Protein chains: 2
Amino acid sequence: MSVTAAKGFTAAGIAAGIKENGNPDLALVVNEGPRRAAAGVFTANRVKAAPVVWSEQVVKGGEVSAVVLNSGGANACTGPRGFQDTHATAERVAEVLGHSAAEVAVASTGLIGTLLPMDKLLPGVAKAAAELSAHGGEKAAIAIKTTDTVHKTAVVTAGAAGPAGGTGPGGADGGASWTVGGMAKGAGMLAPGLATMLVVLTTDADVPAAGLDAALRAATRTTFDRVDSDGAMSTNDTVLLLASGASGARPGQDEFAEAVRAVCDSLGRQLIADAEGASKEIKVEVVGAATEDDAVEVGRSIARNNLLKCAIHGEDPNWGRVLAAIGTTSAAFEPDRLNVAINGVWVCKNGSFGEDRDLVDMRYREVHIVADLAAGGAEAVIWTNDLTADYVHENSAYSS
Amino acid sequence: MSVTAAKGFTAAGIAAGIKENGNPDLALVVNEGPRRAAAGVFTANRVKAAPVVWSEQVVKGGEVSAVVLNSGGANACTGPRGFQDTHATAERVAEVLGHSAAEVAVASTGLIGTLLPMDKLLPGVAKAAAELSAHGGEKAAIAIKTTDTVHKTAVVTAGAAGPAGGTGPGGADGGASWTVGGMAKGAGMLAPGLATMLVVLTTDADVPAAGLDAALRAATRTTFDRVDSDGAMSTNDTVLLLASGASGARPGQDEFAEAVRAVCDSLGRQLIADAEGASKEIKVEVVGAATEDDAVEVGRSIARNNLLKCAIHGEDPNWGRVLAAIGTTSAAFEPDRLNVAINGVWVCKNGSFGEDRDLVDMRYREVHIVADLAAGGAEAVIWTNDLTADYVHENSAYSS
């Protein structure tokens, strides 16, 4: 259902010929209204792709009527010509749909440093527009894949008829149900601020741009920003949230924010599940931290330790590498009070060996590491993957 | 020649039975005087192994008469018992040699989180002491190997008879030649502050502890601290510099510091050349930086980017990944002024594509990346390795 699960949206996904293998590579998502409120969160990388620079400006206006996304080329580090190409793409969408280009967001993903084949992309826009459908969400999700092995979608429905159970505390939805849905792509270059990914979320709730922005920032802070597959931050990360208001429902901010968080959480987990070459999904849970910032810093340090990631791949409960990673941070802790559990076995107690490491069962795909800093009550979860020969193979192939 | 190249030192390397495979695992280096001045630099990791905690205290006294080093166990994260074991090791060395334990430094390397087999290590000390020799440097260098495929040594001789050419500016060596020599181990967990490694340097120059400390800190700052094979900082890094004064030479501080730097530089390069699983040695040279700190931050970010390290392994001049890594730093630069050369070809100019990437020849083991920030005149070099399936295999084997 993806981006067309919410009422008031149409979408399409087609093969424009940007990818040489003929796979789908162009997606279009259109907000049919009545509202066109929007919010966005973009990469924290200072080297930003042309579509990121463009879309940041579009979102600042608070209204987005369409998003055009391509795989097969990131249009990053392409200079003034690359920005002109993004601009021309938005103009073409505006022309075909009869909207203003200032309300058309653009997102691109693929190889950095090469120009897009505009002679294929621009005709593709008209072709995609001709196929727009209220059932086109799945095709759109497929068209934005790069090295993804599966397409990723998530939907939450709430309000009177939805599973969230009507008007909760703070709710004022007038009885109508409403939906938040979305699609994501991303399989490598996954690191905070954000993962390398394109995400489009849609809702038929009637929420103004400021409410969308608050909900989206809160959601990404604890979901996509805490997905760290390989420590490499992209130039193209884009997360957009579009509201059509077509359900007529006006949910309370807390209720709406929770639905957005749930969809982001699902999509983030799907990114980790499909990370390039990974054989394990690792939940790094930091507890007992003095502050949430400390917990996140420690979680990221653990998640980025190549030696630990190799050990997890080898099903080795190597808690020494966890401690070595914690020791590089500035978080509050005393080395001789640290505790570490791997899959429920406290292999490290008070900074030294604890329960027998041979008790740790690591046969399954999910691995759960708990790092207890014994310094307070704050906590955070970072999701990452193991480091595998397949990851190396996939990313050492010439120009991916 | 290693640690016995300088006059006034004896050394030994033996198999004490700490390693289950029977390979040499215990080294002893003794300063026979007449001076016993010493300096040391230790890991910046806050989780420090017991021997690091011990040796930091020993070095603070400014005199070291012996260093005992073992491979086969790091004695890290081993609690109070681990510290007692380090203390007992120093006491045994002191007893056998007739020195004070307060002048015996201890260094260990191997698996974190397991106690050392003291029933084998302590008898090994007496055995090593019985084999001490002015020609024992090579055996000592061999005994500290873990996953190293070769042992690493370096020697510089200077002064009247040496290649450095007598009394240079600031020199006051009185005509006698003097030597700085050393040994190093380290093949994984190599990252700044310091690389995972044990290094013992010796000199027969007559330099007081303060002069040794100044020379050693200056040398490690631009050599070992800029070796970043895999971003993983160890709990056990130790670099010691011992001076016997046996040559009678008193070199000028600048001349002496340069000799120490040259030996550290050689050993650091040998560590990168022997890094676990690596197929490439990558020189990341950052130029045009506003400050040296900026240059180092950018160099480390590039050196730690797993996607780039995979690309280099695949001989793919993927400059987009270089720019993505630069973009995550706080260094002063404008994205559209960045330039990148790979093996002499400026594949990125002004933040966009430059010369044809197909011109880049990456067949050789050494790869040279130049990142020009176009923001000033400061520069720095960071050495790293590629990321390979062999690295994954070596580090995913159960408990290395």
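All values derive from a computational prediction rather than experimental measurement. Just the heavy atoms: all of them, side chains too, but no hydrogens, waters or symmetry mates, feed the values below. Lettering follows sequence order; numbering is per chain, from 1.
Of the two parts of A/S330, only the backbone, made up of N, CA, C and O, holds a non-hydrogen atom closer than 4.5 Å to a non-hydrogen atom of chain B. Neither the backbone nor the side chain of A/L308 comes within contact range of chain B; no heavy atom of the residue lies under 4.5 Å from a heavy atom of that chain.
With rounding to the nearest 0.5 angstrom, the OG1 atom of B/T384 is 14.5 Å from the CZ atom of B/R226.
Side-chain contact, A/D386 with A/S279: a donor N or O sits under 3.5 Å from an acceptor N or O. Remark: the B/N75 side chain and the B/D85 side chain contain no N/O donor-acceptor pair separated by less than 3.5 Å.
In terms of heavy-atom pairs under 4.5 angstrom with chain B, the leader among A/A389, A/G79, A/C310, A/G113 is A/C310. Between chain B and the residues A/A311, A/G327, A/C348, A/A74, the most heavy-atom pairs under 4.5 angstrom are made by A/G327. Listed options B/G351, B/P335, B/P80, B/C77 were ranked by heavy-atom pairs under 4.5 angstrom with chain A; first place goes to B/C77. Interface summary for chain A: among B/T388, B/D336, B/V347, the most heavy-atom pairs under 4.5 angstrom belong to B/T388. Per-residue heavy-atom pair counts under 4.5 Å with chain B were compared for A/N350, A/L338, A/T114, A/L115, and the maximum is reached by A/L115.
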Report task. With side-chain hydrogen bond (donor to acceptor under 3.5 Å, both in side chains) as the test, would you mind laying out the steps for B/S108 and B/N70 before giving the verdict? Result -> CA-CA 5 Å; B/S108 300; B/N70 75 274; 2.6 Å; yes
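Side-chain atoms of B/R321 never come within 3.5 Å of backbone atoms of B/N305 as a donor-acceptor pair (strictly under, hydrogens ignored). A side-chain donor-acceptor contact under 3.5 Å links B/S301 to the backbone of B/A325.
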